[in-house]
Enquirer: 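Below is the structure I would like to discuss, written out as structure tokens.
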Amino acid sequence: MAAEDLPSEFDVVILGTGLAESVVAAAFSRVGQRVLHIDRRSYYAANWASFTFNSLLTWIQQHHEEPQPEELQDWSSLLEEGEELIYLSNSDSASIRNVQVFCFTSEEDEEEGAPSTKEDDRGAADGDAVKETPESQSADAKDKAKKQKAEEEEEEEEEEQASQTKGEELSAAQSQSEATRKKISYAQLVKEGRRFNIDLVSKLLYSRGSLVDLLIKSNVSRYAEFKNVTRILTYRHGNVQQVPCSRADVFASRQLSVVEKRKLMRFLTSCVEETDEQRAYKARPYLEFLYDQRLGENLQHFLFHSIAMATEDTTTEEGLASTRHFLRCLGRYGNTPFLFPVYGLGEIPQCFCRMCAVFGGIYCLRHSVNCLLVEKDTNRCKAVIDSRGQRISCRHFVVEDGFVAVDRKKRATPPRFLSRAVLITDSSILPSSSDQQVSMVTVPPVAAGCPTVRMVELCPSTMTCMAGTHLVHLTCQSVGSAFEDLSPLVTTMFRTTESPDRETSPSVLWCLYFNMADGSGLDVKGHDLPSNVFVCSGPDGGLSHEHAVRQAEWIFKQILPEEDFCPPAPNPEDIIYNGENASSTGEEEEEEEEEQNKQGEGGEEWKEEGKEEGVKQQEEERREREGGEEGGENKEWRKEWREGVEEGVEEGVEEGEEGGDVLEEPSDGGVMFSSTNLTTTPAMHCGLKMPSFIV
Amino acid sequence: MHGRVKVKSTAQQEEEKRKEREKKLKIYVAARDACFSKRKEGVWDDGALQITQQLLSSNPDFGTLWNYRREILMHLETVKDEDEVQKIYEAELSFLESCLKVNPKSYGSWHHRGWVSTRLPRPDWARELGLCDRCLNLDDRNFHCWDYRRMVVKKSGVPVDRELAFTDRLIGSNFSNYSSWHYRSTLLPLLHPESPEPLPSPRRPPPRSSPPASPQNHSHRVCEAQLLKEYELVQNAFFTDPNDQSAWFYYRWLLGRAEREEMISCVLVSREEETVTVAFSRPVDPGGLMLLLDGQPQTVEWRSVHPRFKHSPVWICDLPPGTISDVTNEHNLTVHWMERHAHRDCALYTGRTESWCRDSATDQELFRSELSVEKTSVLQSELQSCKQLQELEPLNKWCLLTIILLMRALDPLGYEKETLAHFQTLREVDLMRSAYYSDLCSKFMIENTVLKMEYAEVRVFSISDKKLTTLCHLDQLLLVTHMNLSSNQLQRLPPQFSMLQCLEVLEAENNSIEDLEGVFHLPRLEEVLLKNNKISTLADLRPLASCPKLKRLDLRGNPVSGLEEVEAALTELLPSVVDLLL
């Protein structure tokens, strides 16, 4: 099938399957545009992807490898008169750097008594050593500095190894007494690797944010499930504390005095409507405004760091706006403003891709665009040449910024980076009665000039980590490398080989550091590109998905200003099927009238060659990605996917693999409980389609 | 545009839906008719069970069908063995569950569930509790579910402490739900009863021969350690949201409400009028009253002070003429209240024209009873907390009102000034209830005046210029001879006013009085000063005609004094009046 050619004409060709690109794809496909959506990678969602433990290891490996030298083929034979070529960059490696991995758990099960704890950072060091990205000088210099640093660390870590060996003898002795807290070995992590869904970006959905609105409006929400973030935490005076943010939290809080409770509630209530006093502070620092409210240090910390998530240079206007947003989001789905998608954030772009496919979009992974064919006179991209050398004409081209050659991008500011760390730990940073907490943790700067760190701790019930572990994501704006920025915090908050004495803290079993380009500084237009080419930036550093959604909507409105952006998908029973392929022309419309009468079993007919191919291809890709031995697990999913496509629009309830705690979305407000599971309480599950909230 | 999914038009959809509905209706009506005719024929079989099930699952609020179903089930009980009955009822429960999904507030479904649960041979109460919990999770104010849950708890004997933990959980998730607080108030006295040791009663030992054990005294109360925890909990709630009334109501319950003892509060004997007047602590019916004069039972007729009252706290009887009129005789009277096994003695000594026997309001701490059960130290610290909240929320009505009540419980006279100021704020911040606050304030002012009068041991009740809007506690003023109500905002002298049997002088200038209904059969009333009021017709003055000793009447500044030939009419109406000011 690889030999089959794609259709040679599309309305929109989209390269890259990140969130913004996927939303754009769904939006175009939904209003009847012919969409070709491709990605050079073997997986969906680009830097928004989620990986199993094993595929993350592969990803790490890839980022240590030297990128293949780009062979510039001459495509001029495909040029028509008055056209010129723009080559696209075929490597996006510039967006990820400084990948470092540490393993703090034993290679094998402890019983075997092999204390050969191995620091898995060899790859990291290699990676740094050989990485030669065509970057600016300064970046190179930075790399070198890091290389040195990494070497030093390696030495340090050898010492640690010795100390850890000792430590392990100790813990072996302990383990007899506390058999309950047996460390999970590296082998187990690999063996249970499928249980992990590790996100490259760490974000949350504001329950009244633009992404949730879009998911509901477009009905894409039917393809995903969400869990509430159950608590907001903060790190303060060396302790992890819970931030009371809802009315029930404030009532139940044990850390606040009754007077503080009143002051907090009063402040939060006063935030809802703008007052004259607030206006007076408008451009002055938010911190100053809070200070003048005489709330006390306790409340000020909560309000500033955890609720407004502000920094020193946040103005009062901004601080209050984010506080308001936080408050508006409270209580829609739970006691915190945030939702997290079950199976990880990488699900979201895929859900939009699915929507696109359902309405006829064609998908190809491991497929790229080598160059654009530009009509010189109009400066418009007329067609693209794909990685197989096929000329595909298109009216618009949307591309992930990583594929645009550096010299064609215009940036107002030098590229910024995010520092990321991913930890697999053995327990929660704040144990509570329930071990299935999803926590959002704000960590104020440890010292002046240090970045504010945002931490999200996920429990196994989010389907992102194996039982007995927690997955912790740390994010901050880069000052140095991810390791430099985040490892001091990791050692103070967790138990690692560097901080073995922190007995009560959760132990880190494995961790990954890397830097990712911050997409927030890049504009959609204004680059040295044809006028009908739109650039989508990668993930930004914010907590919300605002940036990507806004970008996608902007692109859509530029191209189709008259059309509705992601209107609700129609009910399956309201769709009129026709026997012909969907790209029927005007002449065929009369036939369609007749076809209407014999619809009914039309489900079968709702397909077209092109689409089928796209889907097949997609499945093919998936199968490859998931590996032969895992194929069986995902059969259900694939089957479902195919049905979804073939039947046009169908209910997207997935079969839960893990103990079946998938809850059907309530079909109307009156449904109280499903008769089968009176005993189990899937209370934290929520479908986004809760009609009582949607008007 | 091509490639677009084609969707049915709205008109098409509507038409389809309409047809669908019509079809459904036809089926429904047919099934209903079949059901009714089966019931008429007395068919109690599985078929009937099935057809009612189908109907009820689409409309669970069809009471007749539930009744029919119960008839069938009761019939089946008689013909099947226990295991089969169990199975039938279990099926019934799961059917009900599906009905509750259709309408979680269906009276019929819940009632039927209760009925089935009690008839089930081997009930599974844990499952029922689970159902209630799920239901309350979805809607914590579903009172049908609360009701049903109470039934389940009672039947299955859930331990009280577990129920208390249940209220903890519900209050934690939403402290505005008064159902949970109220449930808590019923559980606490069971779990942490006040120790039955000697009551820390502030009252004097009652002057009764055989005090009956009063179950009210401690059965509602909670031990102090637990109370302190509850105060903390409820404070967390009202500091978090001072506008939420649930917590305040619960708080008031916690602070306690003493119940007034039922007793005879006063016996008054008058030689001149040859009457005995008896006052009680609450309105009573005179049926069980017995009067002994010098040891001899007397046959007397009790009359209330005003024909309007069938129940009244004050009753009067006329003694046979001449029995006590001789001033040189001494008499002993005893009034027995059979109903309560209470009695009170009163001696009329030689040379005295009248005599009484009573407990004064100060002795009984009468007006502090509302919150007086709690210890002073506890009340004092609660007052401090509330004042702290009031500093933060100076305009919160719940907080202000609670402060007023606490102050009254602690020291009504000492806090009078602050109380008045708080009432003024309350009237301003809660305009809708300003009349309520005025009435409440009047009540407290009258209580304070009663206390002052009794401390001074006089029979003069003077409460002028206090913005009174209503009169109350008039049963406490049985012995008052002079009353000054001038410069208030009174609109009427209500029927209760006729309890002032000893009143001689009434000063009520500068009010808005338009109704004198209560100035009725006051045997000693001589002077009524009603200058600057709103009495407008002669008919309004008619009650005065029943007061035989009325001599002086001031009606200046009333609309009535401008009427034509009013003087002549008044002379005719009130022949005893010699000094009439118009």
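Below, read A as the first sequence line, B as the second, and so on, with proteins coming before strands; counting in each chain starts at 1.
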Enquirer: Take atom CZ in R122(B); do more than 12 heavy atoms of anything else shown fall under 6.0 Å from it?
Expert: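 Counting neighbours around CZ of R122(B), more than 12 heavy atoms of other residues, nucleotides or ligands fall under 6.0 Å, so yes.
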Enquirer: With only heavy atoms counted, which part of N396(B) is less than 4.5 Å from chain A, the side chain, the backbone, both or neither?
Expert: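 It is neither, since no heavy atom gets under 4.5 Å.
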Enquirer: Any chance CZ of R162(B) has more than 12 other-residue heavy atoms, nucleotides or ligands included, within less than 6.0 Å?
Expert: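 It does not: R162(B) CZ has 12 such atoms or fewer within range.
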Enquirer: Evaluate the side-chain contact (heavy atoms from CB on, under 4.5 Å) criterion for residues Q388(B) and R262(A): first the C-alpha distance (whole Å), next the side-chain angles of each, then the deciding distance (0.1 Å), finally the verdict.
Expert: CA-CA 10 Å; Q388(B) 202 175 20; R262(A) 182 79 291 269; over 6 Å; no
Enquirer: So F251(A) and W181(B), would you call those rings parallel, tilted or perpendicular, with 30° and 60° as cut-offs?
Expert: perpendicular
Enquirer: Decide if atom CD of E232(B) counts as having more than 12 heavy atoms of other residues, nucleotides or ligands within a radius under 6.0 Å.
Expert: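 Open: at most 12 neighbouring heavy atoms sit under 6.0 Å from CD of E232(B).
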Enquirer: Can we say K261(A) and D241(B) salt-bridge, meaning some charged N sits less than 4.0 Å from an Asp/Glu carboxylate O?
Expert: no
Enquirer: Between S173(B) and A248(A), which heavy-atom pair has the shortest distance, and what is it?
Expert: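 Scanning both residues, the minimum pair turns out to be O-CB, 3.9 Å.
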Enquirer: Would you sort out whether D244(B) and R247(A) count as a side-chain contact (heavy atoms from CB on, under 4.5 Å), showing the intermediate values?
Expert: CA-CA 12 Å; D244(B) 191 276; R247(A) 198 163 164 270; 3.3 Å; yes
Enquirer: Please look at L389(B) and chain A and tell me whether the side chain, the backbone, both or neither of the residue comes under 4.5 angstrom of a heavy atom of that chain.
Expert: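 Side chain only.
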Enquirer: Is R266(A) reaching over with its side chain to a backbone N or O of L392(B), donor-acceptor style, under 3.5 angstrom?
Expert: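 Present.
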Enquirer: What part of N174(B) gets within 4.5 angstrom of chain A, counting heavy atoms only: side chain, backbone, both, or neither?
Expert: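 The side chain, not the backbone.
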Enquirer: In terms of heavy-atom contacts, does NZ of K229(B) have more than 12 from other residues, nucleotides or ligands at under 6.0 Å?
Expert: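 Atom NZ in K229(B) is not crowded, with 12 or fewer foreign heavy atoms closer than 6.0 Å.
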Enquirer: Under the side-chain hydrogen bond (donor to acceptor under 3.5 Å, both in side chains) rule, collect the residues that match up with K263(A), sequence neighbours excluded.
Expert: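 Residues passing side-chain hydrogen bond (donor to acceptor under 3.5 Å, both in side chains) with K263(A): none at all.
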